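Read the structure below first, then the notes.
These numbers were taken from a predicted model, which means no experiment stands behind them.
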Amino acid sequence: MAIQPPRGTYDIVPGETRKWQALEALLCPVVSAAGYKEIRTPVFEHTELFKRGVGETTDIVNKEMYTFADKSERSLTLRPEGTAGVVRAYLSHGLSRQSPPVKLWYMGPMFRYERTQTGRQRQFHQIGIEAFGSEGPAIDAEVIVVAVDCMAAVGVKNFQVHLNSIGCRQCRPRFREILKEAIASKRQYLCQDCQDRFERNPLRMLDCKSPACQEHYQGAPASLDNLCPDCLSHWQGLLSLLAELGVAVVINERLVRGLDYYGRTVFELIADDTRLGVQSTICAGGRYDYLVETLGGPPTPAVGWAAGLERISLLMEPAQAETPLTFVVCPSAPAALKLACAVRRAGFSCELDFPPQGGSPRGFARQLQQANKTGAAWSLIQGEDELQGGEVTVKSMKDGSQARIPVEKLIAFLQENCRNGV
RNA sequence: GCAGGUGUCGCCAAGCGGUUAAGGCCCCGGAUUGUGGUUCCGGUAUUCGGGGGUUCGAGUCCCCUCAUCUGCCCCA
């Protein structure tokens with residue numbers, strides 16, 4: 001084939017759209033039940049929003065953004081994640097003046113200029129929730145439980161909840177220094193990336209994938225041991241709430257997260273499944289108490305997460321094909337369409353035959369063959385005879401039994417014999 | 001940005017320098033112009049991702065390019 005979609009993008013074709021519809025249908029009730037309201041924001045924003053929101057030092061901003069100038073030379077960027085835009089909208093619409101907490105959810109495409117591989121593409125989809133205005137650990141716990149419930153709703157089972165606290169404005173700078181001091185003597189043995197991180201973002205050293213680096217970090221100080229009293233009590237409060245709620249967590253003091261705006265609680269849902277390729281994180285989030293302020297709003301504590309729908313989709317079974325309930329078999333195109341429309345308006349799905357390109361109308365047997373191919377449960381046969389007498393023959397495609405009834409009784413017949421529409 | 005793998009019909013796939021490019025599925029048509037699912041018959045690639053080159057001759061060898069996959073980095 002000559003014509004391809006751009007690298008990293010893909011079409012969701014009819015065989016797969018059902019799965020996506022199912023994903024949305026399954027997830028939406030979970031977040032709604034928890035009181036989150038859907039918000040839809042633009043897929044592109046001012047570049048500056050992401051630079052300030054996500055952080056200048058992050059890879060996302062440095063090398064992964066789809067940035068372009070519009071015809072008025074404004075610098076715009078296809079959103080690489082959802083939180084910055086949601087916070088912007090939250091401020092744009094004065095939602096910060098609503099009684100807290102303000103709880104929002106979103107779902108849609110995100111864009112990151114990366115090399116593609118299993119579980120990673122340039123246009124991908126996320127669902128996420130954000131809770132603004134509550135500081136206590138209870139809202140952290142709720143947010144995490146909603147994530148766990150979402151996985152249950154879509155049938156994803158093999159995952160762990162990794163959890164950590166990386167401290168706040170008070171204690172993080174101090175911890176950063178403690179960490180640097182502890183590592184300083186080993187600095188020359190670290191990988192190049194970690195040597196850079198040492199200056200720019202020391203915490204990121206801790207989740208380096210290099211086994212050699214990890215060796216050197218054995219026994220390195222953990223943020224959990226260096227929390228200020230407030231952060232410590234928040235952390236302990238969260239742990240006991242999650243225990244109370246029966247959410248098993250793995251305390252992972254190496255968990256840091258890539259985005260600058262996180263503080264205190266950070267967590268990831270990590271799946272163990274080869275279908276994800278080398279990827280494993282299906283949902284990630286945390287607290288970002290300074291982001292609203294950073295973007296020009298009032299100081300507002302906030303916590304949320306985003307989950308990758310493609311990755312979740314990889315863990316789900318293929319959806320069942322869609323099949324019409326009935327299929328009209330009739331030599332007269334106008335009569336066939338008329339009958340099909342009547343059936344459809346009564347709430348039953350109905351298909352009929354259309355001649356292929358360059359072909360002549362299909363004969364009786366061929367139309368029945370089409371009916372069979374679509375998987376229809378019933379054929380509504382209206383040949384010359386039936387048309388004459390204002391009748392229709394209803395044939396079960398399952399057992400071949402059939403009955404000839406007046407057309408007026410067709411809807412009643414379907415209502416009686418076919419329970420749930422479809 | 002880096003490292004490997006792959007690219008022959010809508011899908012799977014043979015072919016590995018020599019006249020007209022297997023096969024299967026799907027699709028289309030017929031056997032069967034009022035009864036499907038089985039079966040049988042027939043049809044569908046001037047062309048092998050694209051461009052150069054080597055050769056009497058290339059899908060088959062070489063070079064470049066594009067796309068795709070897997071991994072690194074990073075992330076959902």
Task: Out of B/U35, B/C69, B/A76, whichever nucleotide has its closest atom nearest the side chain of A/Gln121 - done: B/A76
- [ ] Check the distance between B/G1's P and A/Glu64's CD and give it to me in whole angstrom.
- [x] 13 Å
Task: Closest listed nucleotide, where the reference is the side chain of A/Met397 and the choices are B/A76, B/G36, B/G34 - done: B/G36
Task: Base partner of B/C75, which must satisfy Watson-Crick or wobble distances under 3.5 Å - done: none
- [ ] Would you please name every residue forming a ring-ring contact (aromatic ring centres under 6.0 Å, His included) with A/His162, sequence neighbours left out?
- [x] none
Open item on the list: Between A/Glu38 and A/Lys103, does any side-chain N to carboxylate O distance fall below 4.0 Å?
Closed with: no
Task: Gap in Å between the two P atoms, one belonging to B/U68 and one to B/G36, rounded - done: 46 Å
Open item on the list: Mind checking if A/Gly128 touches a base, just sugar-phosphate, or nothing, with heavy atoms under 4.0 Å?
Closed with: nothing
- [ ] Using a heavy-atom cut-off of under 4.0 Å over every strand shown, decide if A/Gln367 touches base, sugar-phosphate, or nothing.
- [x] nothing
Open item on the list: Nearest to the A/Arg7 side chain among B/A67, B/U35, B/A76, which nucleotide is it?
Closed with: B/A67
Open item on the list: Nearest whole Å is fine: how far is B/A76 P from A/Trp20 CH2?
Closed with: 16 Å
Open item on the list: Measuring from the side chain of A/Lys395 (C-beta onward, heavy atoms only), which nucleotide among B/U35, B/A76, B/G34 has the closest atom?
Closed with: B/U35
Open item on the list: Using atom P in both nucleotides, what's the gap between B/C11 and B/G50 to the nearest angstrom?
Closed with: 15 Å
Open item on the list: For A/Trp378 together with A/Phe348, are the ring centres under 6.0 Å from each other?
Closed with: no
TODO: Would you classify A/Ala371 as touching base, sugar-phosphate or nothing, given that sugar-phosphate means primed atoms plus P, OP1 and OP2, and contacts are heavy atoms under 4.0 Å?
DONE: nothing
Open item on the list: If the cut-off is 4.0 Å, is A/Thr116 near the phosphate of B/U68, judged by side-chain N/O to OP1 or OP2?
Closed with: no
Open item on the list: What is the separation between atom CD on A/Glu114 and atom P on B/C72, rounded to the nearest whole Å?
Closed with: 12 Å
Open item on the list: How close do A/Thr326 and A/Ser349 get, counting heavy atoms only, and between which atoms?
Closed with: OG1-O, 3.0 Å
Open item on the list: Tell me which nucleotide, if any, is Watson-Crick or G-U wobble paired with B/U70 when both distances must be under 3.5 Å.
Closed with: B/A3
Task: Separation between the P atoms of B/U47 and B/C40, rounded to whole Å - done: 33 Å
- [ ] Could you tell me the separation between the CG atom of A/Leu380 and the P atom of B/U35, rounded to a whole number of Å?
- [x] 18 Å
TODO: Give a yes/no on whether any side-chain N or O of A/Arg362 is located under 4.0 angstrom from OP1 or OP2 of B/G29.
DONE: yes
Open item on the list: Please pick, from B/C75, B/G34, B/G1, the nucleotide with the shortest atom-to-atom distance to any side-chain atom of A/Gln279.
Closed with: B/C75
Open item on the list: Can you confirm if the aromatic rings of A/Tyr90 and A/Phe132 lie within a centre distance of less than 6.0 Å?
Closed with: yes
TODO: Provide, to the nearest angstrom, the distance between the CG atom belonging to A/Leu276 and the P atom belonging to B/U70.
DONE: 12 Å
Open item on the list: What contact category does A/Glu81 fall into here, base, sugar-phosphate, or nothing, at under 4.0 angstrom with non-hydrogen atoms?
Closed with: nothing
Task: Euclidean distance for C1', B/C62 against B/A76 (whole angstrom) - done: 43 Å
- [ ] Check A/Phe50, A/Tyr113, A/Phe44 against A/Tyr66 for a ring-ring contact (aromatic ring centres under 6.0 Å, His included) and give me the one that passes.
- [x] A/Tyr113
Open item on the list: Using a 4.0 Å heavy-atom cut-off, does A/Gln117 contact any base of the nucleic acid, only the sugar-phosphate backbone, or nothing at all?
Closed with: base
TODO: Test A/Arg88 against every option in A/Glu48, A/Glu45, A/Glu130 by the salt bridge (charged side-chain N to carboxylate O under 4.0 Å, His left out) rule and name the one that passes.
DONE: A/Glu45
Open item on the list: Please report the distance, rounded to the nearest Å, between OH in A/Tyr262 and P in B/A76.
Closed with: 6 Å
Open item on the list: If I pick the P atom on B/U8 and the same atom on B/U60, what distance separates them, to the nearest angstrom?
Closed with: 13 Å
Task: Nearest heavy-atom neighbours spanning A/Asp11 and A/Glu16 - done: O-OE1, 4.1 Å
Task: Watson-Crick or G-U wobble mate for B/A31, both contacts under 3.5 Å - done: B/U39
TODO: Scan A/Gly383 against the nucleic acid and name what it touches under 4.0 Å (heavy atoms): base, sugar-phosphate only, or nothing.
DONE: base
Open item on the list: Looking only at the side chain of A/Glu386 (C-beta and beyond, no hydrogens), which of the listed nucleotides B/G34, B/C69, B/U35 gets closest?
Closed with: B/G34
Open item on the list: Can you measure A/Phe267 atom CZ to B/A76 atom C1' for me and round it to whole angstrom units?
Closed with: 12 Å
Task: Donor-acceptor pair (no angle test) under 3.5 Å: A/Gln369 side chain, B/U35 base - done: no
TODO: Could you tell me whether A/Lys63 contacts a base, only the sugar-phosphate backbone, or nothing, with contacts defined as non-hydrogen atoms closer than 4.0 Å?
DONE: base
TODO: Assign A/Arg122 to base, sugar-phosphate, or nothing according to its heavy-atom contacts below 4.0 angstrom with the strands shown.
DONE: nothing
Task: Residue A/Arg112, side-chain heavy atoms: nucleotide from B/G34, B/C72, B/C75 that is nearest - done: B/C75
Task: Rounded distance (Å) that lies between atom C1' of B/G30 and atom CZ of A/Phe364 - done: 19 Å
Open item on the list: What I want to check is whether an N or O donor and acceptor connect the side chain of A/Arg311 with the base of B/C75 at under 3.5 Å.
Closed with: yes
Open item on the list: Could you check whether A/Ser223 and A/Asn226, counting side-chain N and O atoms only, form a donor-acceptor pair closer than 3.5 Å?
Closed with: no
TODO: Could you pick out which residue, A/Arg366 or A/Asn372, lies toward the 5' side of RNA chain B when each is mapped onto its nearest nucleotide?
DONE: A/Arg366
Open item on the list: Assuming nearest nucleotide by heavy-atom distance, tell me which of A/Ile381 and A/Lys373 is located more 5' along RNA chain B.
Closed with: A/Lys373
Open item on the list: Over all strands shown, is A/Gln382 touching base, sugar-phosphate only, or nothing at heavy-atom distances under 4.0 angstrom?
Closed with: nothing
Open item on the list: Taking 4.0 Å as the cut-off, does a side-chain nitrogen or oxygen of A/Thr118 come that near to OP1 or OP2 on B/G71?
Closed with: yes
Task: Paired nucleotide for B/A45 [Watson-Crick or G-U wobble; both distances under 3.5 Å] - done: none
Open item on the list: Please classify the nucleic acid contact of A/Glu268 as base, sugar-phosphate, or nothing, using heavy-atom distances under 4.0 Å.
Closed with: nothing
- [ ] Taking atom P in both B/U39 and B/C25, compute the distance separating them and give it to the nearest angstrom.
- [x] 9 Å
Open item on the list: Please give the distance between the P atoms of B/G24 and B/A14 as a whole number of Å.
Closed with: 15 Å
Task: B/G59 versus B/A21 - spacing of their P atoms, nearest Å - done: 10 Å
Open item on the list: Using Watson-Crick or G-U wobble geometry with both distances under 3.5 Å, which nucleotide pairs with B/C56?
Closed with: B/G18
